[in-house]
Amino acid sequence: MKKPLTFEITHVCKQSGARTGILHTPHGDVETPMFMPVGTQATVKFLSPEELYALGAGVVLANTYHLWLRPGEKIVRQAGGVQKFMNYNGPMLTDSGGFQVFSLADTRKIEEEGVTFKSTLNGDKLFMSPEVSIQVQNAIGADIMMSFDECIPYPASYEYAKKSMERTLRWAKRGKEANQNPETQALFGIVQGGDYQDLRYACAKELVDMDFDGYAIGGTSVGEDKETMLRMVGWSVDHLPLEKPRYLMGVGAVNDLLEAISYQIDMCDCVLPTRIARHGTLMTSHGRINIRKAIYKDDFTPLDEACDCYCCKNYTRAYLNHLFRCNEGFGMRLMSIHNIRFLIRLMEQARKAIKEDRFNDFKNDVLTNMKFDERGF
RNA sequence: GGGGAGGUAGCGAAGUGGCUAAACGCGGCAGACUGUAAAUCUGCUCCCUCAGGGUUCGGCGGUUCGAAACCGUCCCUCCCCA
């Protein structure tokens with residue numbers, strides 16, 4: 001059977017064990033480890049596809065739940081798939097709706113068959129199962145699809161984490177069997193199991209037995225501390241095959257990304273850079289700043305003199321401060337461009353360091369020189 | 001000249017005898033944000049030696065146990081007619 005996705009490891013860092021690779025997708029090749037910007041509603045908020053190419057965005061995410069509700073997967077299919085619909089010709093990945101099981105917890109009910117959501121748009125009763133999620137993702141047509149899982153909150157009891165993880169495994173199997181496009185759309189399984197070693201191990205092993213195109217680590221970045229997150233990542237990764245791509249879901253703080261790479265993580269996505277940009281918080285090589293602050297009102301220096309993005313090359317902090325205070329969309333756009341470019345460039349630098357067998361040095365330099373606080377951005 | 005409306009914290013605007021240092025919005029000052037219900041959310045925003053105290057609602061005077069609110073007077077804005 002033709003494979004929709006192949007993964008090639010190009011180097012393993014002698015210092016750290018971190019690796020670089022190339023992900024070959026139907027919409028092109030991308031280098032790993034990489035950061036993937038999130039475009040939930042078939043758009044990375046405020047950014048055009050041209051800007052995404054310019055940023056070096058490898059893979060862009062879209063969201064199954066949100067596109068299912070609006071405009072509906074049939075429209076996306078009629079458009080010729082999500083890439084045609086949004087005019088983005090690079091590789092794309094759809095999250096399954098599993099995160100909405102977590103983020104929309106107040107308005108949903110989980111059962112073995114699937115999850116009943118109360119529509120966030122009009123209150124309609126909606127039912128998403130592993131089969132529905134895959135059908136919708138088949139219609140959306142992204143290069144990589146995710147299994148429909150339950151992203152559980154932290155903390156969760158052992159009993160609940162176990163019950164949920166076992167159900168997520170059954171859902172993964174059902175989703176895989178429901179996939180109509182196994183030769184053109186890759187499907188990843190998602191390791192769950194909360195903060196419990198044996199559950200993470202068991203989940204990973206079962207998923208590997210099912211043979212997915214890649215494996216994701218889910219259930220992190222849901223309120224736990226950094227130490228806990230890394231513990232969960234470590235356990236999840238222990239029993240995953242080295243030759244398959246590994247995707248740590250929902251991680252985008254600088255220190256988290258660098259730690260993830262140490263665990264041979266190849267892909268990360270996060271709304272963090274775009275969300276905080278819209279809220280006026282920017283990642284810079286000297287740490288985090290909030291452009292709203294009065295001290296930037298007459299600061300005519302670039303946001304980050306070390307950055308090569310369109311925003312930093314052409315505009316000042318004073319101008320960004322002004323645009324933010326005026327609530328101008330162009331400010332949102334410039335700041336989104338910067339934050340995404342900041343993380344993508346960080347990953348470019350990480351890849352270079354890996355290839356030069358000095359990733360640990362690189363990581364330590366970044367974490368000390370950038371003066372990032374506990375949050376890591 | 002005649003008639004009418006009104007002056008409340010940086011701005012707009014509620015409040016028309018005690019529950020009011022005074023709603024709410026804006027502005028300002030901070031904080032949060034990790035597979036996006038997020039251009040969102042939270043806190044603070046008269047002064048001070050701040051679990052307390054001080055001084056306020058155009059000015060002055062009065063009524064009252066008590067006034068931003070009631071009365072008198074003065075000042076100032078805006079609208080209509082001439």
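Letters go in sequence order (proteins before strands), and every chain restarts at 1.
A distance of about 26 Å separates the P atoms of U16(B) and C44(B), rounded to the whole Å. A23(B) and C11(B) have their P atoms separated by 16 Å, given to the nearest Å. Taking atom P on both C29(B) and C47(B), the two are 15 Å apart, rounded to the nearest angstrom. Nucleotides C24(B) and G43(B) have their P atoms positioned 11 Å apart, rounded to a whole Å. Across the C1' atoms, C76(B) and G59(B) are found 10 Å apart, a figure rounded to whole Å. The C1' atoms of G3(B) and G53(B) are separated by 49 Å, rounded to the nearest whole Å.
Put simply, Gln100(A) has a side-chain N or O that comes within less than 4.0 Å of OP1 or OP2 on A37(B). Phosphate proximity of U34(B) to Ser221(A): absent, as no side-chain N or O sits under 4.0 Å from OP1 or OP2. In this model, the phosphate group of C29(B) is approached by a side-chain N or O of Arg325(A) to a distance below 4.0 Å at OP1 or OP2. An OP1 or OP2 oxygen of U36(B) is reached within less than 4.0 angstrom by a side-chain nitrogen or oxygen of Asn63(A). When the side-chain nitrogen and oxygen atoms of Lys293(A) are compared with OP1 and OP2 of G31(B), one or more of them lie within a distance under 4.0 Å. Proximity of Thr220(A) to the phosphate of U34(B): no side-chain N or O atom is located under 4.0 Å from OP1 or OP2.
Between Lys244(A) and Asp213(A) no salt bridge is recorded (no basic side-chain N to carboxylate O distance below 4.0 Å). Of the charged side-chain nitrogens involved, none lies within less than 4.0 Å of a carboxylate oxygen, so that Arg333(A) and Glu328(A) do not count as a salt-bridged pair. With respect to Glu259(A) and Lys363(A), a salt bridge is recorded, a charged nitrogen being found less than 4.0 Å from a carboxylate O. Salt bridge status for Arg170(A) with Glu112(A): present, with a side-chain N to carboxylate O gap under 4.0 Å.
The listed nucleotides are A39(B), G35(B), A37(B); the one nearest the side chain of Leu104(A) is A37(B). Checked against G35(B), U34(B), A38(B), the side chain of Lys45(A) finds its nearest nucleotide in A38(B).
Pairing of A38(B), defined by two Watson-Crick or G-U wobble distances under 3.5 Å, is not identified with any nucleotide. For C26(B), the paired base is G10(B) (Watson-Crick or G-U wobble, both distances below 3.5 Å).
A distance-only check finds no donor-acceptor pair linking the side chain of Tyr215(A) to the backbone of Arg246(A) [under 3.5 Å]. For the pair Gln264(A) (side chain) and Ile261(A) (backbone), a donor-acceptor distance under 3.5 Å is absent.
At a non-hydrogen distance threshold of 4.0 Å, Met249(A), Gly250(A), Val251(A), Gly252(A), Ala253(A), Asp256(A), Asp269(A), Cys270(A), Val271(A), Leu272(A), Thr274(A), Arg275(A), Ile276(A), Arg278(A), His279(A), Thr281(A) from residues 246-284 of chain A come into contact with RNA chain B. Residues of residues 203-218 of chain A that place a heavy atom closer than 4.0 Å to RNA chain B do not occur.
Residue Lys297(A) is classed as having no contact, given no heavy-atom separation below 4.0 Å to the nucleic acid.
A side-chain donor-acceptor contact under 3.5 Å links Glu305(A) and His286(A).
Taking the six-membered ring where tryptophan is involved, the planes of Tyr53(A) and Tyr88(A) are essentially parallel, since the angle between them stays under 30° and well short of 60°. Using a 30° and 60° split on the angle between ring planes, Phe148(A) and Trp171(A) fall in the parallel class, below 30°.
Summarising the geometry, the separation between CD1 on Ile291(A) and C1' on C33(B) is reported as 17 Å, rounded to the nearest angstrom.
Two residues, Ile295(A) and Gly329(A), neighbour RNA chain B, and the one matched to the more 5' nucleotide by heavy-atom proximity is Ile295(A).
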